[in-house]
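To find a chain, count down the sequence lines: A is the first, B the second, and so on, and within it residues start at 1. What's counted below: heavy atoms across the whole structure, side chains too, no hydrogens, waters or symmetry copies.
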Number of protein chains: 2
Amino acid sequence: MRTNLMNHQVEDQMLLISQLYPSLCTPQLVPGEGETKPRRRRKKNKGEITDVGTRKRKLSAKQVDLLELNFGSEHKLVSERKDRLASELGLDPRQVAVWFQNRRARWKNKKLEEEYSKLKTAHESVVVEKCRLETEVHLLLYLLLLLTFLNICGKICSLRVCVSLILSFVLKTSLSLN
Amino acid sequence: MRTNLMNHQVEDQMLLISQLYPSLCTPQLVPGEGETKPRRRRKKNKGEITDVGTRKRKLSAKQVDLLELNFGSEHKLVSERKDRLASELGLDPRQVAVWFQNRRARWKNKKLEEEYSKLKTAHESVVVEKCRLETEVHLLLYLLLLLTFLNICGKICSLRVCVSLILSFVLKTSLSLN
DNA sequence: AACTAATGAGCCGTAACAAG
DNA sequence: CTTGTTACGGCTCATTAGTT
């Protein structure tokens with residue numbers, strides 16, 4: 001709750017104040033008075049010296065709105081539209097052109113930022129999927145190993161069965177021969 | 001930042017400004033009476049673009065070099081160093097502070113760009129690896145299928161061998177019994 | 001001690017300009 | 001026009017210092 005509440009409409013009042021009490025705006029230039037205690041309660045309007053020279057450096061919200069509207073429909077600016085806008089807004093055509101230039105630059109930067117965040121999310125999702133695939137590969141390798149092992153075991157068992165069968169056959173025949 | 005304040009004063013303060021920063025004072029600021037909005041150094045359409053002596057809007061290469069040197073050693077700026085730099089460069093301390101602020105902003109943007117390109121390369125490599133893993137998964141699935149098939153075939157063959165063995169055994173015994 | 005206003009410094013957004 | 005640079009206004013935060 002400070003001077004930041006004083007916005008566009010208050011500027012004129014501040015201007016009036018600064019005109020009525022010009023000494024308030026230049027306290028540092030005359031610091032020799034009242035050195036005893038009154039250090040506090042210096043003019044609080046120090047931040048916005050909306051003097052005659054500095055008036056309206058920033059465009060008003062209404063002007064910006066209209067400019068944004070026009071920018072939304074078309075980023076480029078032909079001189080015809082520029083002049084029309086300038087007269088509508090009460091601005092210098094040069095100011096309108098500069099505003100559009102800066103706006104385009106800002107838009108470009110914002111675009112880049114968007115690209116960055118998009119790329120970031122895409123990257124993260126791809127990383128997640130890569131991890132998933134890695135675990136899948138590990139699982140599949142394990143399965144492959146297991147299956148091979150089982151295959152070998154099966155072969156061994158089959159071999160054992162065959163061997164036992166052959167042995168029993170041989171035994172039986174030798175016994176029967178005896 | 002009292003000088004910042006004085007920058008916003010009315011015409012009677014302009015004398016002070018010009019005394020403090022004669023090289024920076026733009027002459028069109030002094031007669032700032034009829035200008036409604038555009039207060040700032042504005043004179044591009046005036047005939048006296050050629051008074052280079054009073055202009056000096058851009059810092060000289062030498063000044064920028066020294067500033068860059070100092071920025072390289074330390075991005076932050078304590079008031080002591082700021083004042084020293086300002087006196088060394090013949091600049092307003094406010095200008096030095098502003099320059100460092102802008103330089104930090106530029107550095108930040110550059111950093112972001114670097115981050116972007118780094119992220120991009122990382123993203124691309126991860127995408128490549130993901131594709132590799134996908135083909136690997138496909139290959140492993142194929143191998144798994146093949147091995148399972150071979151396993152089944154092997155079992156069938158083993159079964160056939162066993163059956164033939166058993167059959168021959170039965171035949172032999174029956175023959176020997178006969 | 002708690003409260004509160006003033007102040008200083010930093011960051012952000014942006015106007016204006018300059019150079020290319 | 002685009003890109004880069006200088007400067008300013010507004011905001012936040014931490015610190016300081018007068019008031020209660």
Rounded to whole Å, CG of B:L112 lies from P of C:dC12 at a distance of 11 Å
Open item on the list: Is there a side-chain contact between B:R94 and the phosphate of D:dT6, meaning an N or O under 4.0 Å from OP1 or OP2?
Closed with: no
Ordered by number, residues from residues 72-82 of chain A within less than 4.0 Å of DNA chain C (heavy atoms) are none
message: Is B:W99 close enough to D:dT6 that one of its side-chain N or O atoms is under 4.0 Å from OP1 or OP2 there?
response: yes
Applying side chain to side chain contact (heavy atoms under 4.5 Å, CB included) to B:K76 and not counting sequence neighbours gives B:E74, B:R104
So the ring-ring contact (aromatic ring centres under 6.0 Å, His included) pairs with at least one residue in residues 75-97 of chain B (sequence neighbours excluded) are B:F71-B:H75, B:H75-B:W107
note: A:L59, atom CG; D:dC8, atom P; distance rounded to Å ~ 17 Å
Scanning both residues in full, the closest heavy-atom pair of A:P93 with A:K82 reads O-CD, 3.4 Å
Those residues at least two apart in sequence (or on a different chain) that pass ring pair (Phe, Tyr, Trp, His ring centres under 6.0 Å) with B:H138 are none
Residue set satisfying side chain to side chain donor-acceptor pair (under 3.5 Å) with A:R106, at least two apart, ordered chain then number -> none
Separation of C:dA15 atom P from A:L67 atom CG, nearest Å, is 9 Å
Expected list for residues 101-111 of chain A near DNA chain D, using heavy atoms below 4.0 Å, is A:Q101, A:R104, A:K108
Contacts satisfying salt bridge (charged side-chain N to carboxylate O under 4.0 Å, His left out) that involve residues 135-147 of chain B (not counting sequence neighbours) are B:R132-B:E136
Across all chains, not counting sequence neighbours, the side chain to side chain donor-acceptor pair (under 3.5 Å) partners of A:N151 are none
In short, salt bridge (charged side-chain N to carboxylate O under 4.0 Å, His left out) pairs touching residues 165-178 of chain B with sequence neighbours left out are none
Closest to the 5' end of DNA chain C, once A:V98 and B:F100 are matched to their nearest nucleotides, is B:F100
In whole angstroms, the gap separating C1' of D:dT3 from NZ of B:K58 amounts to 10 Å
